[in-house]
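Both counts, for ligands and for their atoms, begin at 1 and track the order of listing. Computed from a predicted structure; not experimentally measured. What's counted below: heavy atoms across the whole structure, side chains too, no hydrogens, waters or symmetry copies.
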Amino acid sequence: MKDRWTLAIHGGAGVKPGRDYSEVVAHMTQLVATGEARLAGGASALDTVEQAVADMEASGLYVAGRGSPPGLDGSVEMDAAIMDGALMRAGAVAVIRDVESPVAAARAVLERTPHVLLAGEGAIRFAHQAGVPPIGKRPDFFRLPVGVQQSEVDVGPDRLGHGTVGAVALDREGRLAAATSTGGIYGKRPGRVGDAPVLGAGTWADDILAASCTGIGEMFILSGGARDVSARMRYGGQPLVEACEAMLAEVARLGGDGGIIAMGADGIPAFAWNSAGLKRAAAGSHLQPMAAI
Ligand code: ASP
């Protein structure tokens, strides 16, 4: 649908009841206002979701980028993906270290390689060559995200605290795009890959859907995740919200929880979650701006 635009973002489903998330709500409110203005000015959905996710990574308020937790061996490994639904192009990085912006590395994979997913050492070397700034030896780079306590990060993978950031957008040309970036599950095993960089699981965009998921990544991979929502719409004729809820019901059946932000070609965003909350916000040409947990 042309000449309408929307940006929706999420800051993860790892919400703890009773914590103060006012700084997060204020940040998300400002991000969707800035992103919406960019879309109104003709920015592409792809650039807009990358920028929104990069800003969330850089803020350290969420479990992504600067807010990413160390895994069991003390190293911080991150995952990210970005997808252009109009041209069916995507880039993703998994198990990436020493980059300021995993989503920028994912975008470089999309723009500069014939591949869709790079992982580990090769992904790190590629990101540095592509000009994504390294973190280097800055002890103050990583910080504790808002609403997370140190004791919750210092756990084994069986406790499964987690968080992620993501964005979906429709631009004035009718193009859909999605991006997701995460520090993953607290205390994860080295080498663990979640759903965020698995295209179709945590991140997906095509001509009818842009979606970004958050939650226990393993269950989103097993349930089919974001692409399952697109398939339910395309082949089953399910409305967007119903398709999101059906996918999440499968995640729950498998023992997982989390949420999804999604948008169809009409630019109306959908938010669904079966966790305690979902940090979320949206703004667009046909939408009252909103931000909530
Ligand atoms: N889905 C992410 C992962 O499994 C975590 C999250 O969204 O909270 O890595």
Side-chain angles (χ1 to χ4, degrees), residues 8-16 19 21 24 28 53 56-57 60-65 67-72 75-82 92-97 102-103 106 117 119 144-148 152-153 155-168 178-204 211-229 244 247-248 250-252 254-262 271-280 293:
I9 63 174
H10 73 80
V15 172
K16 297 272 186 304
R19 306 257 164 105
Y21 292 104
V24 165
M28 291 192 303
V53 167
M56 286 192 278
E57 290 174 338
L61 300 176
Y62 315 85
V63 186
S68 298
L72 274 184
S75 69
V76 178
E77 295 177 342
M78 301 167 284
D79 298 333
I82 186 164
V93 289
V95 199
I96 197 163
R97 287 179 276 107
V103 75
L117 173 60
L144 211 53
V146 169
V148 177
E152 291 161 342
V153 176
V155 295
D158 47 335
R159 293 279 301 281
L160 297 179
H162 56 87
T164 287
V165 303
V168 298
T180 312
S181 178
T182 188
I185 303 280
Y186 305 157
K188 64 188 178 185
R189 286 180 183 280
R192 181 261 185 188
V193 177
D195 59 324
V198 178
L199 295 157
T203 310
W204 182 254
S212 172
C213 300
T214 170
I216 309 296
E218 283 74 3
M219 279 65 177
F220 281 81
I221 293 171
L222 292 171
S223 75
R227 193 162 185 197
D228 183 64
V229 175
C244 289
M247 185 277 289
L248 280 182
E250 182 62 8
V251 168
L254 296 172
D257 70 353
I260 178 169
I261 61 167
F271 304 97
W273 65 95
N274 59 9
S275 47
L278 177 67
K279 301 167 198 163
R280 62 198 189 280
I293 303 288

By side chain to side chain donor-acceptor pair (under 3.5 Å) - contacts of Arg227 (at least two apart): none
Full working for side-chain contact (heavy atoms from CB on, under 4.5 Å) between Glu250 and Phe220: CA-CA 9 Å; Glu250 182 62 8; Phe220 281 81; over 6 Å; no
Protein residues that have a heavy atom under 4.0 Å from any atom of ligand 1, sorted by chain and number: His162, Gly163, Thr164, Thr182, Gly184, Ile185, Arg192, Gly194, Asp195, Thr214, Gly215, Gly217
Residue pair His10, Lys279: steps toward the side-chain contact (heavy atoms from CB on, under 4.5 Å) verdict: CA-CA 5 Å; His10 73 80; Lys279 301 167 198 163; 5.8 Å; no
Derivation and outcome, side-chain contact (heavy atoms from CB on, under 4.5 Å), residues Glu77 and Lys188: CA-CA 9 Å; Glu77 295 177 342; Lys188 64 188 178 185; 4.3 Å; yes
From CA spacing to verdict: side-chain contact (heavy atoms from CB on, under 4.5 Å), Thr164, Thr180: CA-CA 7 Å; Thr164 287; Thr180 312; 3.4 Å; yes
Thr203 side chain to Ala196 backbone, donor-acceptor under 3.5 Å: yes
